[in-house]
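See structure below.
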Protein chains: 2
Amino acid sequence: MDKNPLVLLELVERLANLMRAELRKAGADESLQPVHLHALIYLSKANRYSNTPQALAAYLGLTKGTVSQTLLILDRRGLIERYQDDVDRRVVRLRLSTAGEQLLYEAQPALAWQNATRNISPNRIRNATSALRETLATFQEDNEGAMFGSCTDCTHCQKLSQRIFRCGLMGDRLSGPETRRLCWLHEAKREGE
Amino acid sequence: MDKNPLVLLELVERLANLMRAELRKAGADESLQPVHLHALIYLSKANRYSNTPQALAAYLGLTKGTVSQTLLILDRRGLIERYQDDVDRRVVRLRLSTAGEQLLYEAQPALAWQNATRNISPNRIRNATSALRETLATFQEDNEGAMFGSCTDCTHCQKLSQRIFRCGLMGDRLSGPETRRLCWLHEAKREGE
DNA sequence: CCGATTAGTATCGGGTCGATACTGAAAAGT
DNA sequence: ACTTTTCAGTATCGACCCGATACTAATCGG
């Protein structure tokens, strides 16, 4: 019975606070801060257009300097690997190390969320997702910020064959699994549903 | 299209990150951190059962010591007022000062959100709100955490007359406006819709 | 009236975070 | 070709967040 967008905001922020507290608990054993786990989770979902410090900074809403520090720590801990890009040697590419993957696997940061949503029907989840997705898209347009999303919703995504896709913006070929990762060049398809 | 709860989590966290960045921007002029504004926003919505440091700590998912520090800063800045409770002299009650109200009014922290949701129909907002509200309730049950919510959804709320309500748990009389504030003793009504 | 519990504060240290200044690589102007 | 500008990322610094621990003061329970 509540149509007020502010109530929705309230809920989003509260749930995010709780999940942040969950992350804090999950990372306490390894003495990792919430932001560290957030970064690891991001990297576990990033694709070739989003696995850079800059993209991570945009995603987390932090400055590149701050993110650089975070990555330094994760690197020293052996949770991520950094390597230079071949064509543009300014950019650093990031990926989880096996230790990082292992950590995420054991921490199960999303477990509490999955439990909390167990009673919500798939249909309602889908509707809520769709509404928030649209909110996010509008938000990002307003701020002219970069978008994040998977290629499955993206206007640039072209299907070449059963298993091969192509990003129309960059021209690169993408494998099926990669199209389900988190891209930074995402442009939302309208009326995709 | 997407029934996966994890996608919804992704969106919630991302939107929360962006709003946090908004808060950072909004508070930069006054050199206030996001958590300070969050606390002010909370206090602007708290009722007599939730306007204490302890409740704020539960709400933000932080420890009482941390919150105590935050409140110290806000007090020194003249943005809040602290006063002792009459019956239990251990508890401190909090309220926004006029300066604090003024600050919130000018900062308009939710403006970006209202813009971002302008294209979402009231109906979809309502559905998303309902799904997230239920998620929050389940989450809080799982963690045996205290609940937050307005009396309008609460099982304890009794209507005495047109304008007078009563909290069945505490026995206090509540005015109409107060039933729309954020309570800490909230227990969700099932099938309220 | 004495121990146990509870609300809140004080202090300390590790760590986040933005600001600023910097390095080195790539692009752009001449 | 060579300079200038822009861009990705790092280094350093200082303000502040945050939890842990220890503490005070008030209430509760017998």
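Here is the naming used below: chain letters follow the sequence lines, and residue numbers restart at 1 for every chain. Side chains included, hydrogens not; waters and symmetry mates left out as well; all remaining heavy atoms used.
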Query raised in the report: Does B:Leu104 reach the side chain of B:Ile41, with side-chain heavy atoms less than 4.5 Å apart?
Result: yes

Query raised in the report: Is there a side-chain contact between A:Tyr42 and A:Leu60, using heavy atoms and a 4.5 Å cut-off?
Result: no

Report summary line: Going 5' to 3' through nucleotides 11-21 of chain C and flagging B where a protein heavy-atom sits under 4.0 Å of the base, S where only the sugar-phosphate is that close, and - otherwise, we get B---SSSB---

Between [atom2] on [N] and [atom1] on [X], what's the gap in Å once rounded to a whole number?
X: B:Tyr83; N: C:dG8; atom1: OH; atom2: P; result: 12 Å
X: B:Leu60; N: D:dG19; atom1: CG; atom2: P; result: 10 Å
X: A:Gln84; N: C:dA25; atom1: CD; atom2: P; result: 8 Å
X: B:Leu71; N: D:dC16; atom1: CG; atom2: P; result: 16 Å
X: A:Leu32; N: D:dG19; atom1: CG; atom2: P; result: 15 Å
X: A:Ile80; N: D:dG9; atom1: CD1; atom2: P; result: 12 Å
X: A:Asp86; N: C:dA26; atom1: CG; atom2: P; result: 11 Å
X: A:Gln54; N: D:dC7; atom1: CD; atom2: P; result: 10 Å

Requested in this report: Just report the end-to-end axis angle for the helix from C:dC1-D:dG30 to C:dT30-D:dA1, five pairs per end, to 10 degrees.
Outcome: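 One end's axis against the other's: 30°.
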
Kindly point out which of [options] is positioned nearest to the side chain of [X]?
X: B:Thr52; options: C:dG8, D:dA8, D:dT27; value: C:dG8
X: B:Arg90; options: D:dG9, D:dA26, D:dT6; value: D:dA26
X: B:Asp88; options: C:dA7, C:dT9, D:dT27; value: D:dT27

Show me the donor-acceptor pairs, under 3.5 Å and distance only, between side chains in residues 165-176 of chain A and residues at least two apart or in other chains.
residue, atom, partner, partner atom, Å
A:Arg166, NE, A:Gln158, OE1, 2.9
A:Arg166, NH2, A:Gln158, OE1, 3.3
A:Asp172, OD2, A:Tyr49, OH, 2.6
A:Ser175, OG, A:Glu178, N, 3.4

Report task. Please step through salt bridge (Lys or Arg N to Asp or Glu O under 4.0 Å) for the pair B:Lys45 and A:Glu10, ending with a clear verdict. Result -> CA-CA 11 Å; B:Lys45 290 183 291 192; A:Glu10 167 77 26; 2.4 Å; yes

Report task. Take B:Asn17 and A:His38 through the test side-chain contact (heavy atoms from CB on, under 4.5 Å) and record every step on the way to the result. Result -> CA-CA 11 Å; B:Asn17 274 344; A:His38 238 120; 4.1 Å; yes

Query raised in the report: Would B:Asn47 and B:Ser50 count as a side chain to side chain donor-acceptor pair (under 3.5 Å) if you check the C-alpha gap in whole Å, the side-chain angles of each, and the deciding distance to 0.1 Å?
Result: CA-CA 5 Å; B:Asn47 75 354; B:Ser50 58; 3.1 Å; yes

**Report entry** Note: B:Glu30-B:Arg77 ion pair, threshold 4.0 Å (strictly below)
**Finding:** no

Query - Step-by-step side chain to side chain donor-acceptor pair (under 3.5 Å) determination, A:Arg124 to B:Ser130 - result: CA-CA 9 Å; A:Arg124 292 176 71 202; B:Ser130 144; 2.4 Å; yes

**Report entry** Option from A:Asp75, A:Leu74, A:Leu71 for which side chain to side chain contact (heavy atoms under 4.5 Å, CB included) with A:Leu94 holds
**Finding:**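 When side chain to side chain contact (heavy atoms under 4.5 Å, CB included) is applied between A:Leu94 and each of A:Asp75, A:Leu74, A:Leu71, only A:Leu71 qualifies.
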
Report task. For A:Arg82, report the nucleic acid contact type (base, sugar-phosphate, nothing); a contact means any heavy atom under 4.0 Å. Result -> sugar-phosphate

